[in-house]
Asker: 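Here it is, the structure, as C-alpha cells.
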Number of protein chains: 2
Amino acid sequence: MEERVLYDEKAINHLIANVSEDELCNLAELFKVFGDSTRIKILYDLFDGEKNVTEICEDLEMNQSAVSHQLKILRTSKLIGSRRDGKQMIYFLADDHVKTIIAMGKDHIEE
Amino acid sequence: MEERVLYDEKAINHLIANVSEDELCNLAELFKVFGDSTRIKILYDLFDGEKNVTEICEDLEMNQSAVSHQLKILRTSKLIGSRRDGKQMIYFLADDHVKTIIAMGKDHIEE
DNA sequence: TGTTCATATGAATATATTATCATATGTTCC
DNA sequence: GGAACATATGATAATATATTCATATGAACA
C-alpha cells in the first residue's frame with residue numbers, strides 16, 4: 001500500500017537537458033540552503049502557514065539571532081518571503097517548490 | 001509555451017506530513033550532498049549513463065583524488081551505485097529521485 | 001612475482017559555515 | 001522624544017568541508 005509521488009518524466013527530462021556548468025553551480029547553491037538542519041526546520045515550520053520570528057524561535061527552541069541569520073539566507077534564496085506587520089516580521093514559504101523538493105528528499109530517504 | 005513539472009499534490013502532502021525532527025536532520029544531510037558543485041556536476045555527468053572514475057575526472061577537469069572523495073560521499077548517501085569492471089569502477093545514478101530533485105531545483109531557479 | 005593502470009584513502013591545509021554575543025535598527029505607544 | 005518590544009546585523013570563535021599531496025589497495029598481465 002505504497003504511496004508514490006507522480007511526476008511527468010518528459011517534463012523532468014526537458015528541465016534537466018543542457019544544464020550549463022554555471023547553472024549547476026547555482027543548483028548547488030540552492031541545495032546548500034536546504035542542507036542545514038536549522039533552515040530545513042524553519043521551512044518545515046512554515047508548512048503550517050506564515051509565522052513571525054518569535055514563533056519560529058519558539059517552535060525550534062533556538063535563539064533569535066541564529067534564526068534571523070538563517071531567515072536571511074532563506075530569503076536571499078527566495079525560498080521564503082516576508083512582510084512587516086507592525087513590530088513583527090511575518091515569514092512564509094515563497095512557493096510550492098519547497099514542499100516538492102523536501103518531499104522528493106523524503107521519498108529518497110524512505111527507501 | 002511553458003513546460004511545467006506535474007506532480008501529485010496529494011502524494012506530496014502525504015509525504016511531508018508529520019516529519020520528525022530527526023527526519024528533518026536526515027533530510028538536511030541529504031540536501032547537503034546536493035549542495036556542492038563538484039558533487040552536482042558528478043551527478044549531472046552520470047545523467048548520460050554510467051561512467052568510470054577516469055571519465056568523470058576528464059568531464060569535470062578535476063583531479064582523481066578530489067573526485068574519488070566526492071564519489072564516496074555520493075555512494076554513502078545512496079545517490080549513486082558502483083560496480084567493478086576489471087581495473088575500473090563504474091558509477092551510475094542509484095535512482096530517479098536524483099533527476100527529480102535536480103529538476104525541481106532547476107524549476108525553482110528558473111523563475 | 002613484479003610492473004602498470006585504476007581507484008581509494010589518510011593527513012594536512014585552506015576555506016566556508018554556524019551559533020553566539022553584543023549591539024543596531026525599526027515600530028509602537030505613552 | 002523616550003521606553004519597550006521585535007527583528008536584524010557585525011564580529012568572533014568553533015566547527016565542518018573540500019582539495020591537494022602522498023601513498024595504499026586492487027586488478028590485470030607479462
Side-chain angles (χ1 to χ4, degrees), chain A residues 21 24-46 49-94, chain B residues 21 24-46 49-94:
Chain A
E21 197 170 331
L24 288 172
C25 289
N26 292 337
L27 274 170
E29 289 305 309
L30 175 66
F31 287 121
K32 200 173 286 180
V33 177
F34 285 91
D36 172 81
S37 58
T38 299
R39 287 190 293 263
I40 264 241
K41 283 176 195 165
I42 292 174
L43 292 173
Y44 191 72
D45 196 36
L46 296 178
E50 56 177 34
K51 302 202 178 176
N52 65 42
V53 178
T54 303
E55 287 174 314
I56 298 171
C57 292
E58 285 165 2
D59 290 343
L60 303 209
E61 301 178 76
M62 284 189 65
N63 90 58
Q64 178 267 318
S65 180
V67 168
S68 273
H69 277 296
Q70 299 312 321
L71 284 170
K72 182 176 193 175
I73 292 172
L74 290 166
R75 234 185 311 130
T76 303
S77 324
K78 310 239 174 88
L79 295 178
I80 61 177
S82 64
R83 65 183 166 79
R84 181 171 280 281
D85 175 24
K87 283 187 270 193
Q88 308 182 124
M89 289 296 292
I90 312 291
Y91 284 93
F92 47 86
L93 294 181
Chain B
E21 196 170 332
L24 288 172
C25 289
N26 292 337
L27 275 170
E29 289 305 310
L30 174 67
F31 287 121
K32 202 173 285 180
V33 178
F34 285 92
D36 173 81
S37 58
T38 298
R39 288 190 293 263
I40 269 246
K41 283 176 197 167
I42 291 173
L43 292 173
Y44 190 72
D45 197 36
L46 296 178
E50 56 178 33
K51 302 201 177 177
N52 66 42
V53 178
T54 303
E55 287 172 315
I56 298 171
C57 293
E58 285 165 0
D59 290 342
L60 304 208
E61 301 179 76
M62 284 188 66
N63 91 55
Q64 179 267 318
S65 181
V67 168
S68 273
H69 278 295
Q70 299 312 320
L71 284 170
K72 182 174 193 177
I73 292 173
L74 290 167
R75 233 186 314 132
T76 303
S77 324
K78 309 238 174 90
L79 296 179
I80 61 177
S82 65
R83 63 184 168 77
R84 181 171 281 282
D85 174 25
K87 283 187 270 192
Q88 309 180 122
M89 290 296 293
I90 311 292
Y91 285 92
F92 46 86
L93 293 181

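Naming: A, B, ... by sequence-line order, numbering from 1 per chain.
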Asker: Could you check how far CG of A:L74 sits from C1' of D:dA8, rounded to whole Å?
Answerer: 15 Å
Asker: Among the candidates D:dT7, C:dT9, C:dA19, find the nucleotide nearest to the side-chain atoms of A:T54.
Answerer: D:dT7
Asker: Can you find a heavy atom in the side chain of A:K41 that is under 4.5 Å from one in the side chain of A:D45?
Answerer: no
Asker: Could you check if a side-chain atom of A:H69 sits within less than 4.5 angstrom of a side-chain atom of A:S65, using non-hydrogen atoms only?
Answerer: yes
Asker: Starting at the 5' end of DNA chain C, which residue's closest nucleotide do you reach first, B:N52 or A:E29?
Answerer: B:N52
Asker: On the nucleotide C:dA19, are OP1 or OP2 found under 4.0 Å from the side-chain N or O atoms that A:Q70 carries?
Answerer: yes
Asker: To the nearest Å, give me how far apart CG (B:L60) and P (D:dT19) are.
Answerer: 10 Å
Asker: What nucleotide, of C:dT9, C:dA8, D:dT7, holds the atom closest to the side chain of B:Y91?
Answerer: C:dA8
Asker: If only side-chain N and O atoms of B:K32 are considered, is one of them under 4.0 Å from the OP1 or OP2 phosphate oxygen of D:dT17?
Answerer: yes
Asker: Can you check whether any acceptor in the base of D:dT7 is under 3.5 Å from a donor in the side chain of A:H69, or vice versa?
Answerer: no
Asker: Without decimals, in angstroms, what is the distance between B:K72 NZ and C:dA6 C1'?
Answerer: 17 Å
Asker: Which pairs pass side chain to side chain donor-acceptor pair (under 3.5 Å) with one or both residues in residues 77-88 of chain B, sequence neighbours excluded?
Answerer: B:E50-B:R83, B:N52-B:Q88
Asker: Roughly how many Å is it from CG in B:L71 to P in D:dT17, rounded to a whole number?
Answerer: 18 Å
Asker: Using a 4.5 Å cut-off on heavy atoms from C-beta on, say whether the side chain of A:K51 contacts that of A:D59.
Answerer: yes
Asker: Which one, C:dG10, D:dT9, C:dA19, comes nearest to the side chain of A:S68?
Answerer: D:dT9
Asker: Could you pull out the closest heavy-atom pair between B:T38 and B:L60, with the gap in Å?
Answerer: O-CD1, 3.9 Å
Asker: To the nearest angstrom, how far is A:I80 atom CD1 from D:dT7 atom P?
Answerer: 13 Å
Asker: Does D:dA18 have OP1 or OP2 under 4.0 Å away from a side-chain N or O of B:R39?
Answerer: yes
Asker: Starting the side chain at C-beta, find the nucleotide from C:dA8, C:dA19, D:dT19 nearest to B:V53.
Answerer: C:dA8
Asker: Measuring from A:I90:CD1 to A:L46:CG, what's the distance to the nearest 0.5 Å?
Answerer: 10.5 Å
Asker: Take atom CG of B:N63 and atom P of D:dT20, then tell me their distance rounded to the nearest Å.
Answerer: 5 Å
Asker: Please report, rounded to the nearest Å, how far the C1' atom of C:dC5 is from the CD atom of B:Q64.
Answerer: 11 Å
Asker: Compare all side-chain heavy atoms of B:D36 with those of B:I73 and state whether any distance is below 4.5 angstrom.
Answerer: no
Asker: Could you check which of D:dT19, C:dA22, D:dT7 has an atom nearest any side-chain atom of A:S65?
Answerer: C:dA22
Asker: Report all side-chain donor-acceptor pairs from residues 24-35 of chain A shorter than 3.5 Å, counting only partners two or more places apart or in another chain.
Answerer:
unit_1 : atom_1 : unit_2 : atom_2 : d
A:E29  : OE2    : A:K32  : NZ     : 3.4

Asker: Measure CD1/B:I73 against C1'/D:dT17 and give the value in whole Å, please.
Answerer: 8 Å
Asker: Go through residues 81-90 of chain A and report each residue with a non-hydrogen atom lying under 4.0 Å from DNA chain D, sorted by number.
Answerer: A:K87, A:Q88, A:M89
